[in-house]
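Predicted model only: the values in this text are computed from it and were never measured. As a basis for the values below, the full set of heavy atoms in this structure was taken, side chains included, without hydrogen atoms, waters or symmetry mates.
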Amino acid sequence: EIRLSLVGSEMCIRDRYDVVMINKGRADNIQVGDVLTVSRKNVSAQEADYELPIESVGQVMIFKVYEKVSSALIISSEKPIRVFDSVVSP
């Protein structure tokens, strides 16, 4: 699973064109230009006794790829993007 890390000390960001890091890179077939969907489990669902669908909260585009990590720009966000949100192919 691909996880998201934020650049800087903020725990969540929302602004378009802010930079985030993901924990996958060239070794995982990530390429410049890839557009990935940021998603998470619904906060209220984390405490529930049943499983709710994962919600999409935005999209990022990869602009720099290293061997094991990548940098991405937030290109859209419907809710604040948080550290450890999941990132998946749309």
Side-chain angles (χ1 to χ4, degrees):
E1 181 174 15
I2 303 173
R3 291 292 183 177
L4 183 110
S5 297
L6 303 178
V7 175
S9 60
E10 306 264 338
M11 290 303 288
C12 66
I13 54 177
R14 183 182 180 119
D15 293 334
R16 192 172 181 190
Y17 305 124
D18 277 345
V19 176
V20 295
M21 299 293 291
I22 63 170
N23 68 344
K24 301 293 180 187
R26 192 174 299 112
D28 305 290
N29 297 319
I30 300 294
Q31 298 178 1
V32 170
D34 285 352
V35 175
L36 306 172
T37 298
V38 180
S39 60
R40 76 170 70 99
K41 284 188 178 180
N42 188 316
V43 174
S44 60
Q46 291 177 356
E47 300 172 6
D49 293 335
Y50 48 88
E51 182 110 8
L52 289 177
I54 293 174
E55 64 178 337
S56 173
V57 295
Q59 289 190 317
V60 298
M61 184 179 70
I62 304 297
F63 71 89
K64 182 70 176 174
V65 179
Y66 302 94
E67 191 62 26
K68 295 183 180 182
V69 297
S70 300
S71 299
L73 288 175
I74 296 173
I75 56 175
S76 68
S77 63
E78 299 165 15
K79 296 182 178 183
I81 293 176
R82 300 180 186 149
V83 173
F84 302 123
D85 281 348
S86 296
V87 184
V88 296
S89 294

side-chain contact (heavy atoms from CB on, under 4.5 Å) with [X]: which residues, sequence neighbours excluded?
X   : answer
V69 : M21, Y66
E67 : R26, A27
V35 : Q59, M61, I75

[X] versus [Y], closest heavy-atom pair with distance:
X   : Y   : value
V60 : V87 : CG2-CG1, 4.2 Å
R40 : V57 : NH1-CG1, 3.4 Å
Y17 : L73 : O-CD2, 3.4 Å

Indicate yes or no for a side-chain donor-acceptor contact from S70 to the backbone of K24 under 3.5 Å, with no hydrogens or angles considered.
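Yes, S70 side chain to K24 backbone: donor-acceptor pair under 3.5 Å.
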
Applying the 4.5 Å side-chain criterion to the ILVMFWY set and letting contacts propagate, would V20 and V32 be lumped into a single cluster?
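Yes, one cluster joins them.
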
How many angstroms lie between OG in S89 and CG in L36, if you round to the nearest 0.5 Å?
5.5 Å

I81 side, atom CD1; S76 side, atom OG - distance, nearest 0.5 Å
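Reported value, rounded in 0.5 Å steps: 7.5 Å.
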
Flag the pair K79 / E55 as yes when at least one side-chain heavy-atom distance between them is below 4.5 Å, and no otherwise.
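Touching, per the 4.5 Å side-chain cut-off.
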
Any chance you could lay out the side chain to side chain contact (heavy atoms under 4.5 Å, CB included) test for I62 and I22, step after step, and finish with the verdict?
CA-CA 9 Å; I62 304 297; I22 63 170; 3.7 Å; yes

